Amino acid sequence: MKRILFITYGLLVMVIIFAFVLDRKIWAIDSVVLGFVLTVLYLFRRQLNLTVFLFLLISMLVLMHSLSVFGLFRMTFWGYEYDTYVHAYSSIVIALTAFNYMKKFNIPLPETVFMTLLITLGGGLLNELVEFAGYKLFGRGEGLFLLGPGDIGATNEYENLMTDFFNDFYGNVAGILLSLIYHLRVNKSD
């Protein structure tokens, strides 16, 4: 995991450099904050029951967001905004991580699924609260703390919020289903 962490740091440093070269400094702030979050996750990896694979997926999520220094949040791919992909992917990763965390408590599977859903929905809510607070404090713009590009399909803040929640929800469900399939396959072979 340490190798993944340091490779991610190196890529985040490159993003920070590009943020200044491209005069998109908000992405430098995002990259520093996300690097800090990744460091905290690394430090608490045992308590969070993180595997190397999950940590790699989380690191990829950090990079997926930070690489938007190149304007990805202003783009659409196959008819969907980049923001849709980021929300869906992050929700899948958070669901996989939360499910794995809940398995360490050895509680019945329905409770694990329910708690995983609550954790993942709470993570999406926290993300939207940060975006809303940034929007109220600083107005429109790019990045983790502002409302702007990436939210281009929304006609207003409410529609953006509900679209993000919807993307989070189906990502959460997909992550939980993947976790269940993996869990049932592993336990079937025991």
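Residues: numbered from 1 along the sequence shown. No experiment lies behind these values; they were computed from the predicted model shown. Atom set for the values below is all heavy atoms of this structure, side chains included, hydrogens, waters and symmetry mates excluded.
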Minimum heavy-atom separation for L96 to G175, with atom names? CD2-O, 3.5 Å

Before you tell me yes or no, could you show the steps for S68 and W27 under side chain to side chain contact (heavy atoms under 4.5 Å, CB included), namely the whole-Å CA-CA distance, both residues' side-chain angles and the distance that decides it to 0.1 Å? CA-CA 8 Å; S68 297; W27 294 106; 3.5 Å; yes

Does any part of the side chain of V37, heavy atoms only, come nearer than 4.5 Å to the side chain of V62, both counted from C-beta? no

Can you tell me how far CZ of F99 sits from CD1 of I176, rounded to the nearest 0.5 angstrom? 8.5 Å

To the nearest 0.5 Å, what is the distance between NZ on K103 and NE2 on H183? 4.0 Å

Mind listing the closest non-hydrogen atom pair of Q47 and L43 along with its distance? OE1-O, 4.1 Å

Measure from the side-chain N and O atoms of N167 to the backbone N and O of T163, and report whether any donor-acceptor pair falls under 3.5 Å. yes

Of all the heavy-atom pairs spanning G124 and D168, show the shortest one and how long it is. CA-OD2, 3.5 Å

Taking all non-hydrogen atoms of both residues, which atom of L61 and which atom of S90 are closest, and how far apart? CD1-CB, 3.3 Å

Determine whether L109 and L184 make a side-chain contact, defined as any pair of heavy atoms from C-beta on separated by less than 4.5 Å. yes

Looking only at the aromatic ring of each residue, does the gap between the centers of Y170 and F166 stay below 6.0 angstrom? yes

What is the distance from atom CG of L121 to atom CD1 of I94, rounded to the nearest 0.5 Å? 10.5 Å

Would you say Y42 ends up clustered with M60 if hydrophobic residues are merged whenever their side chains have heavy atoms under 4.5 Å apart, either directly or through other cluster members? yes

Would you name the heavy atoms of V52 and M1 that are closest together and state the gap between them? N-CE, 3.8 Å

So H65 and Y82, do their side chains get closer than 4.5 Å, heavy atoms only? no

Would you confirm whether Y89, through its side chain, and L57, through its main-chain N or O, come within 3.5 Å as a donor-acceptor pair? yes

In terms of relative ring orientation, are F77 and Y85 parallel, tilted or perpendicular, with 30° and 60° separating the classes? perpendicular

Hey, could you give me the OG/CG distance between S179 and N100, rounded to the nearest 0.5 Å? 7.5 Å

Does a side-chain heavy-atom distance below 4.5 Å link T8 with L63? yes

Consider only side-chain heavy atoms of I, L, V, M, F, W and Y, link residues closer than 4.5 Å, and tell whether F73 and I16 are in one cluster. no

So CZ of F55 and CZ of R3: to nearest 0.5 Å the spacing works out to 13.5 Å

Check the hydrophobic clustering (I, L, V, M, F, W, Y; side-chain heavy atoms under 4.5 Å; chains of links allowed) and say if M75 and V69 are grouped together. yes

Is there a donor-acceptor contact under 3.5 Å from the side chain of N172 to the main chain of L117? no

Closest approach of Y9 and G35, non-hydrogen atoms and distance? CE2-O, 4.0 Å

Are any non-hydrogen side-chain atoms of I58 and L50 less than 4.5 angstrom apart? yes

Same apolar cluster (I L V M F W Y, side chains within < 4.5 Å links), L22/V32: no

Run S91 and T120 through side chain to side chain contact (heavy atoms under 4.5 Å, CB included) and show every step you take. CA-CA 7 Å; S91 298; T120 57; over 6 Å; no

Nearest 0.5 angstrom please: F36 CZ to L41 CG, how far? 10.0 Å

Can you find a heavy atom in the side chain of L34 that is under 4.5 Å from one in the side chain of S66? yes

Side-chain contact test, heavy atoms from C-beta onward, threshold under 4.5 Å: evaluate it for D23 versus K25 and give yes or no. yes

Cluster overlap V15 with F6, hydrophobic side-chain contacts below 4.5 Å: yes

Any side-chain heavy atom of H87 within less than 4.5 Å of one from E128? yes

